[in-house]
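Notes follow the structure.
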Amino acid sequence: DSGVTQTPKHLITATGQRVTLRCSPRSGDLSVYWYQQSLDQGLQFLIQYYNGEERAKGNILERFSAQQFPDLHSELNLSSLELGDSALYFCASSVGSSVTGELFFGEGSRLTVL
Amino acid sequence: DQQVKQNSPSLSVQEGRISILNCDYTNSMFDYFLWYKKYPAEGPTFLISISSIKDKNEDGRFTVFLNKSAKHLSLHIVPSQPGDSAVYFCAAKRNSGYALNFGKGTSLLVTP
């Protein structure tokens with residue numbers, strides 16, 4: 001158990017809809033990262049928050065947005081969903097900006113768009 | 001643009017033998033390299049890392065080798081055990097950056 005909690009574990013929705021994925025980082029971790037794993041793809045970095053502020057942005061679509069709340073939990077909002085958005089979405093956390101790169105991952109939220 | 005590449009999608013090894021997983025990268029600015037292991041229905045877990053100032057790091061049965069001139073790293077597992085069967089992801093980052101760049105993973109199967 002990494003200490004990172006993601007909900008929901010599974011989500012099935014239709015194209016055009018909007019969903020919210022939730023992540024609670026490990027106790028004491030200030031950084032939250034979101035990654036997307038599509039079929040046959042590696043983990044694609046989406047966005048990072050550190051202590052409530054956006055720190056880095058990767059390949060995140062404009063239809064997607066995220067935020068980190070004062071209690072440090074984070075939400076990833078996916079809107080106008082398309083079939084290609086079906087993927088595993090992982091949240092990870094670290095104490096700081098993780099110079100050495102060691103992140104602690106949750107079990108992921110599997111999104112299926114029909 | 002895939003900056004971290006794992007060209008072998010799968011690898012099968014007999015129990016007790018050595019497993020060698022390979023990884024290539026294109027960005028010469030990467031300073032840290034990591035290997036993560038992932039079991040089905042679980043998130044990736046950190047396995048071992050190496051800084052660009054080293055060429056080898058060992059932790060028990062796991063050793064990572066880094067060849068900076070070739071932009072290549074490898075993970076050696078000796079001896080391999082059935083419990084090592086998992087997907088292994090290679091990852092890299094810049095010291096000044098925040099995000100890990102992952103490869104697509106190699107699925108390792110260790111057979112009894």
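Residue numbers begin at 1 in each chain, while the letters A, B, ... track the order of the sequences. Below, all heavy atoms of this structure are taken into account, side chains as well, without hydrogens, waters or symmetry copies.
With a threshold of 4.5 angstrom between heavy atoms, B:A91 does not approach chain A through any atom at all. When heavy atoms are compared at a cutoff of 4.5 Å, B:Q6 does not approach chain A at all. Within the 4.5 angstrom heavy-atom criterion, no atom of A:Q6 approaches chain B.
Paired with A:V19 under the rule side chain to side chain contact (heavy atoms under 4.5 Å, CB included), one option of A:N77, A:D85, A:V113, A:L81 passes, and it is A:L81. Only one option out of A:F105, A:F90, A:Y89 pairs with A:Y35 in a ring pair (Phe, Tyr, Trp, His ring centres under 6.0 Å); it is A:F105.
In summary, the side chains of B:N67 and B:S69 do present a donor paired with an acceptor at a separation below 3.5 Å, with no hydrogens or angles considered.
Nearest heavy-atom pair across A:S74 and A:W34 is OG-NE1, 2.9 Å.
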